[in-house]
Amino acid sequence: MAMAGNLGFPRFGAKREWKRAVERYWKGKLSRGELLATADELTARHWTMQREAGIGIIPVNDFSFYDHVLDMTALLGAIPPRYHAENEDDIDIDTYFAMARGVQDETRDVRAMEMTKWFDTNYHYIVPEFDANTQYRLASGHPFTAVEKARAAGVEHPRPVLVGPATYLLLGKCLDGVSRLDLLDRLIPVYEQILRRFDEQGVRWVQVDEPWLVLDLDDEARELFARAYSRLNAIAHRPNMLVATYFGGVDHNAGIATALGDGLHLDLVRAPNQLEAIAKKLPEDHLLSLGVINGRNVWRTNLEDKLALLQRAADLRSGTANLLVAPSCSLLHCPIDLELETALDDELKSWLAFAKQKLGELHALTVAINGDRSSVEHAFAASAAAHRSREQSARVRNKTVRARQAEIDESMTRRSSPYERRVRAQREKLNLPRFPTTTIGSFPQTREVRRLRARLRKGEITRAQYEKAIEQEILSTLRFQEEAGVDVFVHGEFERNDMVEFFGEQFDGFAFTKHGWVQSYGSRGVKPPIIYGDVQRTHPVTVRWSKFAKDHTDRPVKGMLTGPVTIQQWSFVRDDQPRSETAEQIALAIRDEVLDLEAAGIDVIQIDEPAFREGLPLRKKDWPHYLDWAVRCFRIASSGVRDDTQIHSHMCYSEFNEIFDSIAALDADVISLEASRSRMELLDAFEHFHYPNDIGPGVWDIHSPRVPSRDEIADLLRRALKHIRPERLWVNPDCGLKTRGWEEVRESVRNLVDAAKMVRESES
Ligand code: GLN
Ligand code: ZN
């Protein structure tokens with residue numbers, strides 16, 4: 001008989017109880033005991049929820065106080081020396097939070113460990129740090145206690161989750177050239193100890209996450225997997241190991257993947273075609289966990305299709321005996337409970353499934369594959385009805401949009417003249433000095449500005465009052481830019497709650513949840529919009545604000561838009577068509593907005609693509625296709641304008657070096673790039689790559705409240721001039737200023753303008 005086996009559950013709680021508890025603990029408003037009690041309460045609640053949904057195999061140790069990779073670092077005692085944890089037998093919770101967030105008080109100023117994205121998700125993990133002195137030891141009892149607590153909560157088969165040794169080492173940062181293979185020799189004994197402890201507790205299966213296996217492996221990685229598992233496999237007394245892979249297929253690494261542990265989990269949502277190859281290669285007595293329910297998106301599963309897939313697996317594996325029915329990956333990446341969304345209409349709601357609903361789907365599929373379909377027929381009927389309704393709904397398909405897409409031709413993807421001709425027309429019109437200064441768009445979103453929106457929502461002020469107040473903000477921001485002497489102005493983006501939500505709310509095809517939070521890092525969550533239908537712009541979205549600004553100053557005002565790639569990347573995207581199609585529809589909507597801005601007399605228009613880099617697929621072989629459509633969509637959005645309208649773009653989150661060709665292919669007249677966290681590296685890259693158009697490498701790190709001095713900015717500009725021709729260089733911060741305070745912003749913008757003046761004088 002197949003069993004339903006989950007891989008992980010969202011941590012925050014339906015009402016974001018965890019977020020609130022942990023933030024209060026950090027502020028000293030909640031005791032340690034109260035915090036631990038909240039964690040126990042939530043994990044017990046989630047176990048019960050899974051048990052009651054009929055899930056046979058329930059994950060434990062998937063809950064985390066901050067992040068599961070950091071948990072692994074604590075469990076393995078790999079605490080960097082700056083946290084002084086040598087004498088902690090069990091890593092103290094405050095040491096743990098210090099690693100995540102740093103500490104700054106009267107006695108200590110210790111920086112946090114680095115944080116970066118977990119594969120291609122928007123979840124961020126804390127990057128382990130290793131050096132030649134790193135030693136490992138069992139430094140936490142947490143996973144073992146969790147097993148006991150799960151049993152006490154009635155979980156019959158608790159399956160502890162660990163990050164596997166190879167992935168753990170590969171995710172980490174090796175300082176001073178220490179080799180991962182050397183580290184592995186020190187690390188494996190601690191994994192052995194952990195497995196033995198689980199065995200003593202009577203744990204039958206452990207879930208060992210090795211998502212690194214979906215990537216392109218180099219020789220070092222291959223060797224790590226081989227060595228790690230030949231040692232772990234050989235342990236005499238240990239639970240069985242289910243090696244979990246997700247976010248892609250492992251058929252390109254089939255030889256390695258099928259030789260690890262005693263079972264393998266496959267992501268059959270991202271990579272359904274790997275089933276054949278893996279199922280044939282996996283030893284007959286190994287467990288095969290079939291990830292058929294999408295853990296990364298919010299759509300209701302087509303149970304009929306997935307049952308067929310399960311049936312195919314059962315045929316390949318001669319029966320259901322060693323099969324598990326599972327989500328594609330941990331449910332961490334989807335919101336918790338659809339039932340809380342009382343404001344969504346019933347039709348749309350019937351198309352969706354959040355974590356709790358996905359458990360129900362797992363159960364139904366498991367019962368059906370075990371031959372008792374009739375007892376879950378209602379679930380199959382509801383799933384089929386929902387899919388029919390989604391396929392046929394007039395809200396999903398929009399003929400006008402489809403017709404426009406069919407008519408996109410090559411001429412819509414390029415400007416009518418090459419950059420050299422455009423730049424002359426733009427210079428003549430804008431009459432800017434050398435090294436023009438500008439900002440990235442937003443000015444501080446103060447508490448007052450956010451309160452205005454809250455009051456509008458609650459009906460405490462009228463829309464007219466709200467708009468008046470926003471206009472006041474714009475006016476004072478214009479006056480400030482005049483005083484400071486900025487060259488290209490922005491209006492400040494005060495009317496925007498969020499750079500994606502603001503557009504989604506006004507386009508057709510988007511829906512918004514009230515509680516659809518997904519953990520982004522630590523206690524932070526994001527609430528991505530849901531794109532359910534063809535996207536269309538029915539009315540101008542930003543023109544009113546840009547026009548208002550333009551009418552109140554003599555300086556050029558830059559219109560501000562979010563790009564098509566970023567809008568789809570930061571949403572729950574449709575699964576009934578390729579991402580590229582959705583992005584293309586958004587591109588047409590943005591194109592219309594661009595043309596309306598131009599018609600309203602806006603001469604400079606910026607289309608932000610901060611998520612352009614983030615959308616890159618996990619495997620290099622898939623890069624060209626992505627970059628191709630992503631560039632094309634940007635060009636559809638931006639190419640409709642006249643020669644003398646200047647198109648800017650902006651990107652952040654570093655590591656552009658590998659995709660510079662595609663950035664150039666956007667053919668934006670001006671691009672600003674975040675450079676703060678790797679300023680040197682970005683400038684170094686220009687040595688080999690000459691961005692053909694104008695460029696503004698960020699010269700003020702807006703992620704910190706620090707005010708950069710004039711000299712410091714001027715120095716960076718002079719360094720940039722070593723690689724960038726003077727007529728091509730722009731002067732701007734790294735990113736938008738919305739998270740900063742006015743005081744630092746005023747001073748920094750003045751310094752930025754002064755630095756540009758200094759360099760103009762010295763370089764002429
Ligand atoms: N225009 C946006 C802003 O200034 C850009 C934000 C971003 O790059 N993430 O806030
Ligand atoms: Zn940015």
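The structure presented is a predicted model; accordingly, all values stated were derived computationally and were not measured. Counting begins at 1 with the first residue of the sequence.
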With Ala244, which residues qualify under side chain to side chain contact (heavy atoms under 4.5 Å, CB included), at least two apart? Gln207, Asp209, Tyr246, His265
Using a 3.5 Å cut-off and no angle test, enumerate the donor-acceptor pairs between side-chain atoms of residues 222-229 and protein atoms at least two apart in sequence or in another chain.
from: Arg222; atom 1: NH2; to: Leu217; atom 2: O; distance (Å): 2.9
from: Glu223; atom 1: OE2; to: Arg227; atom 2: NE; distance (Å): 3.1
from: Tyr229; atom 1: OH; to: Glu210; atom 2: OE2; distance (Å): 2.5

Name every donor-acceptor pair, under 3.5 Å, that has one atom in a side chain of residues 190-197 and the other anywhere in the protein, sequence neighbours excluded.
from: Tyr191; atom 1: OH; to: Val163; atom 2: O; distance (Å): 2.5

Can Asn294 and Asp575 be said to form a side-chain contact (heavy atoms from CB on, under 4.5 Å), step by step? CA-CA 10 Å; Asn294 196 342; Asp575 63 349; 5.5 Å; no
Geometric class of the Tyr136/Phe130 ring pair [parallel <30°, tilted 30-60°, perpendicular >60°]: perpendicular
With no hydrogens and no angle check, do the side chains of Asp267 and Gln274 hold a donor and an acceptor under 3.5 Å apart? no
Pair Glu220, Arg180 - check salt bridge (charged side-chain N to carboxylate O under 4.0 Å, His left out), show working. CA-CA 8 Å; Glu220 182 198 38; Arg180 291 194 170 85; 3.6 Å; yes
In terms of the angle between their ring planes, are His46 and Phe9 parallel, tilted or perpendicular, with boundaries placed at 30° and 60°? tilted
Identify, with sequence neighbours excluded, every residue that meets side chain to side chain contact (heavy atoms under 4.5 Å, CB included) alongside Ala100. Tyr66, Leu70, Ile126
Can you name the side-chain hydrogen bond (donor to acceptor under 3.5 Å, both in side chains) partners of Tyr25, sequence neighbours left out? Asp94
What pairs of residues pass the side chain to side chain donor-acceptor pair (under 3.5 Å) test when at least one of them lies in residues 318-327, not counting sequence neighbours? Glu284-Ser318
Less than 3.5 Å apart, any donor N or O on the side chain of Glu17 or Thr38 sitting next to an acceptor on the other? no
Applying side chain to side chain contact (heavy atoms under 4.5 Å, CB included), can you list everything that pairs with Ala139, at least two apart in sequence or on another chain? Ile91, Arg137
salt_bridge(Asp185, Arg231) N-O dist < 4.0 Å: yes
Partner residues of Arg82 under the side-chain hydrogen bond (donor to acceptor under 3.5 Å, both in side chains) criterion, sequence neighbours left out: Glu129
Summary of salt bridge (Lys or Arg N to Asp or Glu O under 4.0 Å) pairs that have at least one residue in residues 233-251, sequence neighbours excluded: Arg238-Asp262
Between Glu148 and Thr145, is there a side-chain donor-acceptor contact under 3.5 Å, judged purely by atom types and distance? no
Salt bridge (Lys or Arg N to Asp or Glu O under 4.0 Å) partners of residues 295-311, not counting sequence neighbours, each pair once: Asp120-Arg296, Glu304-Arg373
Distance-only side-chain donor-acceptor flag, His68 / Arg11, under 3.5 Å: yes
Going by the angle between their ring planes, with limits at 30° and 60°, are Phe65 and Trp18 parallel, tilted or perpendicular? tilted
List the steps, then state whether side-chain contact (heavy atoms from CB on, under 4.5 Å) holds for Lys527 with His515. CA-CA 8 Å; Lys527 200 153 59 67; His515 305 278; over 6 Å; no
With a 3.5 Å distance limit and no angle check, can you tell me whether Gln201 reaches the backbone of Phe144 through a side-chain donor-acceptor pair? yes
Quick one: list whatever passes side-chain hydrogen bond (donor to acceptor under 3.5 Å, both in side chains) with Asp71, sequence neighbours left out. Ser64, Tyr96
Going by the rule side-chain hydrogen bond (donor to acceptor under 3.5 Å, both in side chains), which residues pair with Arg619 if we only count those two or more places apart in sequence or in a different chain? Asp216, His252
Under 30°, 30 to 60°, or over 60°: which ring-plane class applies to Phe119 and Phe247, parallel, tilted or perpendicular? tilted
